[in-house]
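Position 1 is the first residue of the sequence; numbering continues from there.
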Amino acid sequence: MTKIELVKIVAEKTGIDQPTVLACIEGTINTLMESLVNKENVYIRGWGTWTLKHRAQKTARNISKNTTMVIKAHDIPYFKPCKDFMESVANAK
């Protein structure tokens with residue numbers, strides 16, 4: 001599903017016009033990203049948790065050039081769905 005498809009579905013279900021729904025969805029996504037950039041976890045009850053996971057520095061190989069390179073330590077966003085969400089996906093047919 002793309003963002004535009006999501007906007008259309010939410011607009012149909014709520015009766016709100018698409019530009020307003022688009023602004024709300026983009027605002028939500030931007031707020032979520034800003035929170036993670038500021039190293040704040042995001043907890044959405046009934047859906048899941050967005051956190052940052054730290055990846056340590058490591059050495060990797062560039063196969064095409066036959067060289068090694070160092071990948072610096074960095075943080076990545078991580079989503080952990082809540083138990084009810086995981087069960088509903090597992091039980092979907």
Side-chain angles (χ1 to χ4, degrees):
M1 175 183 296
T2 65
K3 185 171 24 172
I4 297 301
E5 292 170 340
L6 178 62
V7 168
K8 288 178 184 177
I9 292 169
V10 172
E12 288 173 7
K13 287 186 176 186
T14 62
I16 301 172
D17 60 306
Q18 287 187 13
T20 304
V21 173
L22 177 62
C24 290
I25 290 175
E26 286 181 345
T28 302
I29 292 170
N30 289 338
T31 303
L32 188 135
M33 287 192 304
E34 288 172 9
S35 295
L36 289 173
V37 167
N38 293 329
K39 302 201 184 294
E40 299 171 358
N41 295 336
V42 178
Y43 305 99
I44 301 175
R45 192 172 300 246
W47 190 45
T49 303
W50 284 94
T51 59
L52 291 177
K53 282 202 169 188
H54 184 74
R55 297 285 187 229
Q57 177 175 313
K58 65 181 179 179
T59 304
R61 291 197 47 80
N62 183 343
I63 299 171
S64 62
K65 294 181 181 180
N66 198 23
T67 60
T68 59
M69 62 175 121
V70 175
I71 299 174
K72 297 187 292 186
H74 59 282
D75 293 326
I76 60 165
Y78 172 76
F79 177 72
K80 181 180 179 187
C82 73
K83 182 179 177 182
D84 293 338
F85 182 42
M86 288 176 40
E87 287 174 1
S88 64
V89 170
N91 295 332
K93 294 180 181 181

Any chance you could measure Lys13, atom NZ, to Lys8, atom NZ, to the nearest 0.5 Å?
15.5 Å
Would you call the rings of Phe79 and Phe85 parallel, tilted or perpendicular, where under 30° means parallel and over 60° means perpendicular?
perpendicular
Shared hydrophobic cluster, Met1 / Val7 (ILVMFWY, side-chain heavy atoms < 4.5 Å):
yes
Under 4.5 Å between side-chain heavy atoms, counting indirect links through other Ile/Leu/Val/Met/Phe/Trp/Tyr residues: same cluster for Trp50 and Tyr78 or not?
no
Do Met86 and Trp47 share a hydrophobic cluster, counting only Ile, Leu, Val, Met, Phe, Trp and Tyr and linking them when any side-chain heavy atoms are less than 4.5 Å apart?
no
Please report the shortest heavy-atom distance between His54 and Asp75, naming the atom on each side.
ND1-OD1, 3.0 Å
Heavy-atom side-chain contact between Val70 and Gln57 under 4.5 Å:
yes
Within the 4.5 Å heavy-atom criterion, are Val42 and Glu40 side-chain neighbours or not?
no
Distance, nearest 0.5 Å, that separates OG1 of Thr51 from CG of Asn41:
5.5 Å
Exactly one of Leu22, Thr28, Ile29 clears side-chain contact (heavy atoms from CB on, under 4.5 Å) with Glu26, and that residue is Leu22
4.5 Å side-chain heavy-atom contact, Arg55 and Ile71
no
Indicate, with yes or no, if Val21 and Leu6 share a hydrophobic cluster defined by side-chain heavy-atom contacts under 4.5 Å among Ile, Leu, Val, Met, Phe, Trp and Tyr.
yes
I'd like to know whether CZ of Arg61 has more than 12 heavy-atom contacts from other residues, nucleotides or ligands below 6.0 angstrom.
yes
For the hydrophobic clusters of this structure (ILVMFWY residues joined by side-chain heavy atoms under 4.5 Å, transitively), does one cluster hold both Ile9 and Ile25?
yes
Can you name the residues that form a ring-ring contact (aromatic ring centres under 6.0 Å, His included) with Tyr43, not counting sequence neighbours?
none
Ile76 CD1: over 12 foreign heavy atoms closer than 6.0 Å:
yes
In the structure I gave you, are the side-chain heavy atoms of Glu87 and Asp84 within less than 4.5 Å of one another anywhere?
yes
